[in-house]
2 protein chains.
Amino acid sequence: MLERLRDAGLRPTRQRLALARLLFEGGNRHVTAEQLHAEARREEIAVSLATIYNTLNQYRKAGLLREVVVDSGRSWFDTNLEEHHHFFHEATGALTDFEAEGLAVEGVPKAPAGTEIDRVEVIVRLRDPQ
Amino acid sequence: MLERLRDAGLRPTRQRLALARLLFEGGNRHVTAEQLHAEARREEIAVSLATIYNTLNQYRKAGLLREVVVDSGRSWFDTNLEEHHHFFHEATGALTDFEAEGLAVEGVPKAPAGTEIDRVEVIVRLRDPQ
DNA sequence: TCAATTCTTTAGAGTTGTTCTAATCTAATT
DNA sequence: AATTAGATTAGAACAACTCTAAAGAATTGA
Ligand SMILES: [Mn+2]
Ligand SMILES: [Mn+2]
Ligand SMILES: [Zn+2]
Ligand SMILES: [Zn+2]
């Protein structure tokens with residue numbers, strides 16, 4: 001973790017290390033700022049909400065996290081850096097991955113003049129049956 | 001317009017009619033609440049921001065509009081009800097359509113137990129070249 | 001080793017987008 | 001025309017997020 005932060009040009013402070021452990025140890029995950037803050041509090045890690053936001057954004061800029069936009073009004077951060085896509089269940093707010101392998105998006109038109117394609121994102125919105 | 005609102009179970013009030021004209025006459029468009037409010041003011045239509053929000057949400061629930069989620073922090077509403085997808089240029093906030101015809105999304109995994117697929121959304125994020 | 005420097009954290013204030021409240025107004029119904 | 005149901009509004013409230021400036025911690029380098 002220490003290395004990972006140093007490599008990203010971030011001082012390995014108490015807070016950043018603790019949050020890195022929550023985020024990166026124990027499998028990929030999706031979190032919002034409030035969720036991570038609540039989790040830190042539960043684990044008795046003293047860290048302010050401002051620092052949660054600072055840290056998530058720094059990790060994103062450093063490429064340690066990416067943002068997933070599925071809901072206006074709330075930012076989700078994703079520790080899974082592999083090419084993949086998302087199920088989003090509107091009713092429950094559940095956000096889950098599915099692998100890009102096996103998925104084919106074909107016939108994407110070329111980017112408008114003066115721009116290029118950064119990323120093709122597929123979001124599968126779910127609802128309750130019937 | 002009057003018919004359209006009546007069919008949706010909405011009283012055709014002065015405000016709803018004026019907004020329907022802005023939204024639905026003259027081709028498909030994407031708007032945010034603030035944009036529509038500014039436009040109404042420009043056209044000297046007296047309508048409060050609360051009514052803009054109420055109306056956009058009512059139109060969405062009635063199926064006259066859909067919401068496009070491309071940016072956390074701001075809701076976009078789309079008058080284009082045909083199956084289509086979006087380019088989103090992060091840098092400028094430009095949101096443009098491309099037709100679903102010609103696009104194939106294959107290999108979408110089946111929905112998690114207890115849910116079903118509502119819609120498959122493709123968002124092509126654009127950046128400036130290089 | 002220990003200033004000195006630079007960067008980080010923090011509480012709380014500020015901002016933005018959106019929703020709520022409750023008073024007033026308007027459309028529909030009788 | 002009177003009544004009723006529903007709509008609009010200003011402004012307050014709220015939620016998510018960012019900013020500010022003061023205090024604290026990591027790093028540097030003498
Ligand atoms: Mn939402
Ligand atoms: Mn954004
Ligand atoms: Zn993911
Ligand atoms: Zn569109």
Side-chain angles (χ1 to χ4, degrees), chain A residues 1-22 30-41 43-62 64-65 67-77 90 93 95, chain B residues 1-22 30-41 43-62 64-65 67-77 90 93 95:
Chain A
M1 284 305 150
L2 218 128
E3 276 310 288
R4 216 186 313 195
L5 293 180
R6 286 236 169 81
D7 290 354
L10 297 169
R11 286 190 185 175
T13 63
R14 201 184 313 290
Q15 291 84 343
R16 293 212 274 232
L17 275 167
L19 294 178
R21 274 184 217 110
L22 291 183
H30 304 112
V31 290
T32 66
E34 285 291 352
Q35 278 174 13
L36 186 60
H37 191 220
E39 187 173 336
R41 179 175 292 119
E43 307 270 323
E44 315 207 354
I45 297 159
V47 57
S48 71
L49 187 56
T51 296
I52 300 277
Y53 278 106
N54 289 343
T55 303
L56 287 171
N57 284 318
Q58 288 152 357
Y59 288 2
R60 177 175 49 74
K61 280 171 195 155
L64 301 173
L65 287 177
E67 194 179 347
V68 186
V69 177
V70 279
D71 191 9
S72 69
R74 185 183 304 266
S75 277
W76 287 89
F77 293 88
E90 205 81 45
L95 181 63
Chain B
M1 283 307 151
L2 217 129
E3 276 310 286
R4 218 191 306 199
L5 293 180
R6 285 235 169 81
D7 290 355
L10 297 168
R11 285 192 185 173
T13 63
R14 199 183 316 288
Q15 291 85 344
R16 286 186 188 146
L17 274 166
L19 295 178
R21 273 184 217 112
L22 291 182
H30 304 112
V31 290
T32 66
E34 285 290 354
Q35 278 174 12
L36 186 59
H37 192 219
E39 188 174 334
R41 179 175 292 120
E43 307 270 324
E44 315 209 353
I45 296 161
V47 58
S48 71
L49 187 56
T51 296
I52 299 278
Y53 277 106
N54 289 343
T55 302
L56 287 171
N57 284 318
Q58 289 152 356
Y59 287 3
R60 176 176 50 73
K61 280 172 195 153
L64 301 174
L65 287 178
E67 196 179 346
V68 185
V69 178
V70 280
D71 191 10
S72 69
R74 188 181 303 266
S75 276
W76 288 89
F77 293 88
E90 206 81 46
L95 181 63

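Labels below follow one simple rule: chain letters A, B, ... track the order of the sequence lines, proteins then strands, and each chain is numbered from 1. Values in this document were obtained by computation on a predicted structure and should not be read as measured data.
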Nearest-angstrom distance from the residue atom [atom1] of [X] to [atom2] of [N]:
X        : N       : atom1 : atom2 : answer
Leu10(A) : dT6(C)  : CG    : P     : 19 Å
Leu19(B) : dT9(D)  : CG    : P     : 9 Å
Glu67(A) : dC17(D) : CD    : C1'   : 11 Å
His37(A) : dA15(D) : NE2   : P     : 16 Å
Leu56(A) : dT9(C)  : CG    : C1'   : 15 Å
Ile52(A) : dA15(D) : CD1   : C1'   : 17 Å
Arg16(B) : dA28(C) : CZ    : P     : 10 Å
Leu5(B)  : dT26(C) : CG    : P     : 18 Å

Side chain of [X] - closest among [options]:
X        : options                   : answer
Arg11(A) : dA26(D), dA11(C), dT8(D)  : dA26(D)
Leu49(B) : dT9(C), dT18(C), dC17(D)  : dT18(C)
Ala50(B) : dC20(C), dA26(D), dA16(D) : dC20(C)
Pro12(B) : dG17(C), dA28(C), dC17(D) : dA28(C)
Arg14(B) : dT9(D), dA27(C), dT10(C)  : dA27(C)

So which one's nearest nucleotide on DNA chain C is more toward 5', Glu34(B) or Arg6(B)?
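With Arg6(B) and Glu34(B) compared, the 5'-side residue is Glu34(B).
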Residue whose nearest DNA chain C nucleotide is more 5′ - Thr13(B) or Trp76(B):
Trp76(B)
Residue-phosphate contact under 4.0 Å: [X] side-chain N/O, [N] OP1/OP2:
X        : N       : answer
Asn57(B) : dT19(C) : yes
Gln15(A) : dT10(C) : yes
Ser75(B) : dT18(C) : yes
Thr51(A) : dT10(C) : yes
Tyr53(A) : dC17(D) : yes

Are any non-hydrogen side-chain atoms of Leu22(A) and Ile45(A) less than 4.5 angstrom apart?
yes
Are side-chain heavy atoms of Leu49(B) and Glu34(B) found at a separation under 4.5 Å?
yes
Can you measure from CD (Gln35(B)) to NE2 (His30(B)) and round to the nearest 0.5 angstrom?
11.0 Å
Sort out for me which residue in Glu44(B), Glu39(B), Glu43(B), His37(B) forms a side-chain contact (heavy atoms from CB on, under 4.5 Å) with Arg41(B).
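Answer to the side-chain contact (heavy atoms from CB on, under 4.5 Å) test with Arg41(B) among Glu44(B), Glu39(B), Glu43(B), His37(B): His37(B).
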Side-chain (Arg16(A)) to main-chain (Thr55(A)) donor-acceptor, under 3.5 angstrom
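Looks like no, no N/O pair under 3.5 Å.
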